[in-house]
Each structure stands twice: as C-alpha cells, then as structure tokens.
Protein chains: 2
Amino acid sequence: MGRPRQPLLSRDRIVDAALALVDAEGLDVLSTRRLASELGVSGPALYNHFATKDEIVDAVVDTVLGEVDIAVFARVSADAARDAADDRSQDAAEATSWDEALRVWARSYRAVLGAHPNLVPALAPGPARRPNALRMADAVFGSLVRSGWPRAQATRVGVLMRYFVTGSALGSFAGGFPDDAALYAGEYPHLGQAHLLADAQREINENAFEAGLEALLHGLADRYARVRVG
Amino acid sequence: MGRPRQPLLSRDRIVDAALALVDAEGLDVLSTRRLASELGVSGPALYNHFATKDEIVDAVVDTVLGEVDIAVFARVSADAARDAADDRSQDAAEATSWDEALRVWARSYRAVLGAHPNLVPALAPGPARRPNALRMADAVFGSLVRSGWPRAQATRVGVLMRYFVTGSALGSFAGGFPDDAALYAGEYPHLGQAHLLADAQREINENAFEAGLEALLHGLADRYARVRVG
DNA sequence: ACCTGAACACCGTTCAAGT
DNA sequence: ACCTGAACACCGTTCAAGT
C-alpha cells in the first residue's frame, strides 16, 4: 500500500491493456475494476491517470485511429492535383491524386477498424476530443485544398468520406445478418440465400465497401471537375 | 404483490417508455431499474416480457427504424426503371426511379435517426434480429432488382447506402467537434474557424450528407448504365 | 401468467489513509 | 504523486414467493 517508488501505471499502459481486453473479450467486459485487475492494480488507481472511464475509452479509440494511414495525404501535391483525372501520369512515385489518396486512406481506415471490431461501437462519440481524429481530419482537408477543392467543399468531402467509412465499420463488423436460416423462411421475399452465411456476409461487406467507395469517388470527381479552383 | 388481474406491462409499453427515456435523458440512464420505475413497476417485472436488457434496446431501435419511409420503394416500378436516367419523364405521380427512391429513403432514414440522436450508438449491432431493419433491406433490394440492377449488385447498393446513412447519423448527432476554440489554437493548421461552432457544425453535417448522397447516387447511376439488365 | 422483494455478483467513482 | 481499502449509489439478472 501507499505510493510506490516507481509508478505502477501510465496512461499508455492503461490504454494498451484496455485495448487488449476489448479485442480479446469485447467492450462489455471493459470495466475499471476488471481493467485494473488486468494491470495488477486496484480499481481506483486508474483515476490517478484518467478522470473517467469514458476518457480511457476515448484514448483507446484515438490510439487505434493513430494506426490509420494518413501519410498518403502528404504525397498529394498541387502538381498531382492537376493530374487527378488521369492517374497514369504520376511520374514520381511520391505524387498522388486527391482521389487516389482518399481511396488509400479509406481502405486503411476500414482495415484498422476491422482489426478492432469490438471497439467499433465506441466510435459513436465522434472525433470530439481525440487528437488523432483531428489530425486525420486535418490531413484530409489540407490535401483536398491543395488539390484545388474550395475550402467549404473540402470540408464536406472529408466529413462525408468519414460517414461512409465509419458506417461501413459499424455495419460490417458488429453483427450483420444473423446466421439463422429459419428466421428468413418465407418472411422476406427478396432476401436471397446469399444473405444467410457469415462467410458470404464478409464478402458482401467487402464488395459493398469497394463499390460504394468507387461510386463516391466517381461522383466526387464529377463534382471536382465543376468546382475546382487554382 | 402477486399477479395483477390485468397485466401492468406489455412489450409496447416497455418499448415506448424506454424510447421516451432515452430521448429525454440519454442512453446511459436507460437501466432496467430506472425504466421499471418509470413504468411504476419493479425491476424484475421487465423480464416477463424481454429476456435481457439488450433485447429491449433492440426492440426500441427496431421501432424507430419502422418510422423510416420505405413506401417510396413501392412506387419504383419496372417502368420507372427504364426512365431512371432522365427523371423528368415520370408521367404518373406514382412512378419513381430507383435513384430518386434511394434519395427519398436516405433522407428519411437520416431524419429519423436525427430525431432520436441519443439512440444512435445503439445502432451498432447492425440489422441483426430486427424485423423492420430486414423489411427495409428487403424493400431496397426489391426495388433495385425491379429497376434492372443485377441481384449481386443490388445487394451491394443496399448495403453501401446503409453504410453512408448510418455513418452520417453516427458522425453528426453524437458529438462532432467540441465547441472549444482553445483546443484548436494553432494545433491543426488546416482546421478553420468554421469547425468551431455547433451551429456551423450542424450545417456542415447537413451539407456533407447532401453532397455525399449526390456523389453516391451519381456514381451509382454511372455504374447502372454499365451493368443494368432487363 | 405476471408481479414482488431479496439476493448475487457486479458496476463507476469518491475519499481518507498511507508512503 | 500515486497507490490502497472502504464506502456509496448504483447496475443486470435470478429466484422463490405470492396471487
């Protein structure tokens, strides 16, 4: 008891343990007491490092968001922007068009969330007070503006892309259709057998994500052609 | 004590009270005990009507999903489908193109979720065992197939549209950027002042949703032109 | 069948006490 | 400053008992 010579905990150690616990057993089992015991410490000890449990969850989410590839946006130059419509013209390996950058980022974003499916419901509070979420928004926005998107439009594009990716994470990883054929028998005439198997479900989600991503990027490219500046 | 002559509870009464409670005070205060007390009943009484609290939440979500306008899909006929590309040609008021139907539905879907923002985090489990969620998926899918979308593609379109709408609900209603200018000062160079005010935030979300919806529908119309059958 | 109160095994958080 | 144990006001759920 009493204060240890060397601190037993740190914010990082707490966040790492929390993420490991959520990945292994789900968001439901993440309690301050369980987490503390996982760290070999007493429940209230956590409150020396975080004010509330919600702050811990927020930090976990932000850590995970930090894994998303946003380096790609640094490779979007004003030069690359001019070639956005035909991406064969990238002479240097570093040059990337805004839409290709969005594609790479969106896939990375989705992959990261897919690596931590149990955490997805915790995304709900939005990018609020999470540094990496803001860093991400900033990188997206900056590259779009450099590419010639008007600022107001660039804001919208960043937000709507996030809608799609987080929505796909929510819809894909946390359930989907139940693996229970009996439930469907004759009930929903248009819902085919393909919906029933979890494996097929994985593929549907993958295909839906890719199809949506391409539709979105095509639609945005059309708009870009009409509104670009610079 | 003991069994009342007339049942005090019903699934509907429980669901209604739960939704009212969530709308008024948030998802966090929805506990079986609090809900029971709201209904003038003892906590365990709920278990005569629902097996778990999660089932109650699921029923609440499904009830809300039932408010989404899917009647529009009934107005999508095979005839309307042939005019999808030019929507001025709807002679009868009942005929609607698949893309216009998706637009109406997406807006309704988002509006319904917007009317119950506190419930949005509970959407995470996906369309699992929720009749109205399945009814919705079925209506979307059916209208797309009638319009000439190949079945595999129609499945994807339904799913990806749901991604976008639920993602927008998640991102819009549950937080967004904090209303705290100090947090941003000099930290994120590209994030302008426009991000800071909650009011502007509402507008950004609205605009992002509309822009994303149009981009998506345009991109899908392009694809439709290439893959349609019938 | 449908409610009650008591009970079990939990929660998040506060706080005085220890070093 | 950073931990502990005790305590407070809660949880979801089970179950015997009542009618």
Side-chain angles (χ1 to χ4, degrees), chain A residues 1-22 24-61 118-119 121-122 124-125 128-129 174-175, chain B residues 1-22 24-61 118-119 121-122 124-125 128-129 174-175:
Chain A
M1 20 196 127
R3 178 191 181 197
R5 317 159 180 182
Q6 198 86 15
L8 298 174
L9 295 176
S10 70
R11 288 176 64 98
D12 280 351
R13 256 175 59 66
I14 293 170
V15 167
D16 288 350
L19 179 57
L21 185 55
V22 170
E25 305 191 37
L27 202 55
D28 290 341
V29 310
L30 180 64
S31 70
T32 55
R33 293 167 127 107
R34 172 68 193 277
L35 176 56
S37 104
E38 215 72 38
L39 287 158
V41 104
S42 181
L46 301 172
Y47 289 86
N48 288 298
H49 304 268
F50 290 94
T52 64
K53 179 192 168 183
D54 278 351
E55 269 190 21
I56 298 177
V57 174
D58 252 34
V60 171
V61 170
N118 293 338
L119 194 63
R129 228 156 285 265
Chain B
M1 19 197 128
R3 178 192 183 198
R5 318 156 178 183
Q6 197 85 17
L8 299 175
L9 296 176
S10 71
R11 289 176 63 97
D12 280 350
R13 256 175 57 67
I14 293 170
V15 167
D16 288 350
L19 179 57
L21 184 55
V22 169
E25 306 192 36
L27 201 55
D28 290 341
V29 311
L30 181 65
S31 69
T32 54
R33 294 167 126 107
R34 172 68 193 277
L35 175 57
S37 103
E38 216 71 39
L39 288 158
V41 105
S42 181
L46 300 172
Y47 290 85
N48 287 299
H49 304 267
F50 290 95
T52 63
K53 179 192 167 182
D54 278 352
E55 269 190 20
I56 297 176
V57 174
D58 252 34
V60 171
V61 171
N118 294 337
L119 195 63
R129 227 155 285 266

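Every chain is numbered from 1, with letters handed out A, B, ... down the list of sequences.
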Quiz item: In whole angstrom, what separates B:Arg11's CZ from C:dA1's P?
Solution: 16 Å

Exercise. Verify, without hydrogens or angle tests, whether B:Arg11 (side chain) and B:Phe50 (backbone) share a donor-acceptor contact under 3.5 angstrom.
Key: no

Exercise. Mind checking B:Leu30 for me? I need base, sugar-phosphate or nothing, with any heavy atom below 4.0 Å counting as a touch.
Key: sugar-phosphate

Quiz item: Which one, D:dT14, D:dC3, D:dA6, comes nearest to the side chain of B:Pro44?
Solution: D:dT14

Quiz item: Separation of A:Arg5 atom CZ from C:dG18 atom C1', in whole Å?
Solution: 15 Å

Quiz item: Rounded to the Å, how far apart are B:Arg34 CZ and D:dT13 C1'?
Solution: 20 Å

Quiz item: Which whole-number value in Å describes the distance from B:Ile56 CD1 to D:dT13 C1'?
Solution: 12 Å

Practice problem: Examine C:dC11: is either OP1 or OP2 under 4.0 Å from a nitrogen or oxygen in the side chain of A:Ser31? Give yes or no. | Solution: yes

Quiz item: When all nucleic acid strands are considered with a 4.0 Å heavy-atom cut-off, which category describes A:Thr32: base, sugar-phosphate, or nothing?
Solution: base

Exercise. Any chance you could measure A:Leu8, atom CG, to A:Arg3, atom CZ, to the nearest 0.5 Å?
Key: 11.0 Å

Self-check item: Nearest-Å distance for atom pair OH/P, residues A:Tyr47 and D:dT4
Solution: 14 Å

Self-check item: Under 3.5 Å on both distances, the Watson-Crick or G-U partner of D:dT4
Solution: C:dA16

Self-check item: Interatomic spacing from CG in A:Leu35 to CG in A:Leu19 - rounded to 0.5 Å
Solution: 11.0 Å

Quiz item: Quick one: on DNA chain C, does B:Ala45 or A:Lys53 contact a more 5' nucleotide (nearest heavy atom)?
Solution: B:Ala45

Exercise. Determine the contact category for B:Leu46: base if any of its heavy atoms lies under 4.0 Å from a base atom, sugar-phosphate if only primed atoms, P, OP1 or OP2 are that close, otherwise nothing.
Key: nothing

Exercise. Output the distance between atom CD1 (A:Ile56) and atom OG1 (A:Thr32), rounded to the nearest 0.5 Å.
Key: 7.5 Å

Quiz item: Reckon B:His49 has a side-chain N or O less than 4.0 Å from the OP1 or OP2 of C:dC3?
Solution: yes

Self-check item: Spacing of CG belonging to B:Leu21 relative to CG belonging to B:Asp16, to within rounding of 0.5 Å
Solution: 12.5 Å

Quiz item: What's the CG-P distance between B:Leu8 and D:dT19, to the nearest Å?
Solution: 16 Å

Quiz prompt | A:Asn48 CG - C:dC15 P separation (whole Å) | solution = 14 Å

Exercise. Please evaluate the base of D:dG12 for a donor-acceptor partner in the side chain of B:Arg33 within a cut-off of under 3.5 Å?
Key: yes

Exercise. Write down the distance between CZ (B:Arg13) and C1' (C:dC3), rounded to a whole number of angstrom.
Key: 13 Å

